[in-house]
*Asks:* 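Dropping a structure here in structure tokens format, bear with me for questions.
Convention: sequence-line order gives letters A, B, ...; per-chain numbering from 1.
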2 protein chains.
Amino acid sequence: MNNIEQFFESKHIRLTAMRLLIYKFLAQKDVAVTLRDVENAFEKADRTTLYRTIKTFEDKAVVHQIDDGTGITKYALCEKGCNCDIETDLHLHFHCNNCNETICLTDHKIPQIKVPEGFVSENVNLVVKGVCDKCSGQ
Amino acid sequence: MNNIEQFFESKHIRLTAMRLLIYKFLAQKDVAVTLRDVENAFEKADRTTLYRTIKTFEDKAVVHQIDDGTGITKYALCEKGCNCDIETDLHLHFHCNNCNETICLTDHKIPQIKVPEGFVSENVNLVVKGVCDKCSGQ
DNA sequence: CAATAATTGCACTTCCATTGCATAAGAGAG
DNA sequence: CTCTCTTATGCAATGGAAGTGCAATTATTG
Ligand SMILES: [Mn+2]
Ligand SMILES: [Mn+2]
Ligand SMILES: [Zn+2]
Ligand SMILES: [Zn+2]
């Protein structure tokens, strides 16, 4: 019984071949991926299965969804010990206007945002757009 | 020649009946609207015309687009003297999880966000979700 | 008025997200 | 191990929003 199996068990997710493959795919990526990316990586598998696998991961707080403003939902693995299941992740996301990739800046927490009297802030989505390190570094 | 005509002229937008109606509709709203909202308000007009009118307004920096994470694009009139034409609006947006409405917090500017070495920040989208004043105030 | 340019309406397309249902695979009881 | 029941997977279809091509209408200009 290895690490990943234990991890799945702790998250109450049954281990299947498909899920393992998709998990490993996500784990190896350092940028957020679209469903399309996953499709391209697993052409033999059905779109719906991939979709529902990601949804399962999301429900169980294995991945979190990212809305970077491109109109296409992206996903990334949650940090170990994140609390995505109880609240939105507090880190910010960076979208590169050049390479069109989106990454989690997990150690850049979202600052406290002041809202007017009467408003209650429950969570915050913060996306910074610009040029990423790979693209800016020539 | 009244105010609105002058305003349209200053923005290099030709005045048409449709545009005037839509402008007035937006001006009277205090929340961001979807294309669907506009459609419902002008059932006799064609969807495409409404769509393109909004797009024209957007191009000419009369309205700005808001991505509040619901997946549906919303629009709101720009403040007088905003600089939406040269950069994204710097104010933050609030989305109410209760009434599902989104409003511009025009006098709440987005704070400076620090990004890691090598990253260049060009603009920022900041959406706060929670309960709005109308919904929280009982 | 005629000629030209911009706006509007209709039909159609594309793309992503989501669901219903049938089948296959897996877990558990006996 | 076998039967039963649950869950996962695959296929087909749907829904909704966004965007485009083109023809018809309306506005502008000379
Ligand atoms: Mn993230
Ligand atoms: Mn705004
Ligand atoms: Zn980049
Ligand atoms: Zn509200």
*Asks:* Test of understanding: with salt bridge (charged side-chain N to carboxylate O under 4.0 Å, His left out), list the residues that count as partners of B:Lys55, not counting sequence neighbours.
*Replies:*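 B:Lys55: salt bridge (charged side-chain N to carboxylate O under 4.0 Å, His left out) contacts with B:Glu58.
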
*Asks:* A:Arg47: what forms a salt bridge (charged side-chain N to carboxylate O under 4.0 Å, His left out) with it, not counting sequence neighbours?
*Replies:* A:Glu39

*Asks:* Extract, from 5' to 3' on DNA chain C, the first and final nucleotides lying under 4.0 angstrom from some heavy atom of chain A.
*Replies:* C:dC16 to C:dA27

*Asks:* Excluding sequence neighbours, so at least two apart, what forms side chain to side chain contact (heavy atoms under 4.5 Å, CB included) with B:Thr48?
*Replies:* B:Asp46, B:Arg52

*Asks:* Applying ring pair (Phe, Tyr, Trp, His ring centres under 6.0 Å), name anything that partners B:His93, two or more places apart in sequence or on another chain.
*Replies:* B:His64, B:His91

*Asks:* Please enumerate all residues that pass side-chain hydrogen bond (donor to acceptor under 3.5 Å, both in side chains) together with A:Asn97, with sequence neighbours excluded.
*Replies:*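 If we apply the side-chain hydrogen bond (donor to acceptor under 3.5 Å, both in side chains) test to A:Asn97, skipping adjacent residues, the hits are B:Glu122.
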
*Asks:* Can you check the B:Phe8 CZ to D:dT28 C1' distance for me, whole Å?
*Replies:* 18 Å

*Asks:* Which ones in residues 13-33 of chain B lie close to DNA chain D, meaning a heavy atom under 4.0 Å from one of its atoms?
*Replies:*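 Per residue number, the list reads B:Arg14.
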
*Asks:* Any pair with a residue in residues 19-34 of chain B that passes salt bridge (charged side-chain N to carboxylate O under 4.0 Å, His left out), sequence neighbours left out, goes on the list, sorted by first then second residue, please.
*Replies:*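 Every pair satisfying salt bridge (charged side-chain N to carboxylate O under 4.0 Å, His left out) with a residue in residues 19-34 of chain B: B:Asp30-B:Lys134.
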
*Asks:* Which residues, ordered by chain and number, are linked to A:Tyr23 in its hydrophobic cluster, where ILVMFWY side chains connect at heavy-atom gaps below 4.5 Å, directly or through other members?
*Replies:* A:Ile4, A:Phe7, A:Phe8, A:Ile13, A:Leu15, A:Met18, A:Leu20, A:Leu21, A:Ile22, A:Phe25, A:Leu26, A:Val33, A:Leu35, A:Val38, A:Phe42, A:Leu50, A:Tyr51, A:Ile54, A:Phe57, A:Val62, A:Val63, A:Tyr75, A:Leu77

*Asks:* Output the rounded distance in Å from CG (A:Asp46) to C1' (D:dA8).
*Replies:* 12 Å

*Asks:* Scan residues 106-115 of chain A for pairs that pass side chain to side chain donor-acceptor pair (under 3.5 Å), counting only residues two or more places apart or in two chains.
*Replies:* none

*Asks:* Along nucleotides 17-25 of chain D, 5' to 3', which nucleotides get a B, which get an S, and which get a -, given that the test is a protein heavy-atom distance under 4.0 Å?
*Replies:* SBBBBB---

*Asks:* Hey, which of A:Asp68, A:Thr34, A:Asp37, A:Asp67 is the one that makes side chain to side chain donor-acceptor pair (under 3.5 Å) with A:Lys74?
*Replies:* A:Asp68

*Asks:* For the pair made of CD in A:Glu43 and P in D:dG10, what is the distance, rounded to whole Å?
*Replies:* 14 Å

*Asks:* Which hydrophobic side chains are connected to A:Ile66, either touching it within the sub-4.5 Å cutoff or through other members that do?
*Replies:*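 The other cluster members (ILVMFWY side chains, heavy atoms under 4.5 Å, direct or chained): none.
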
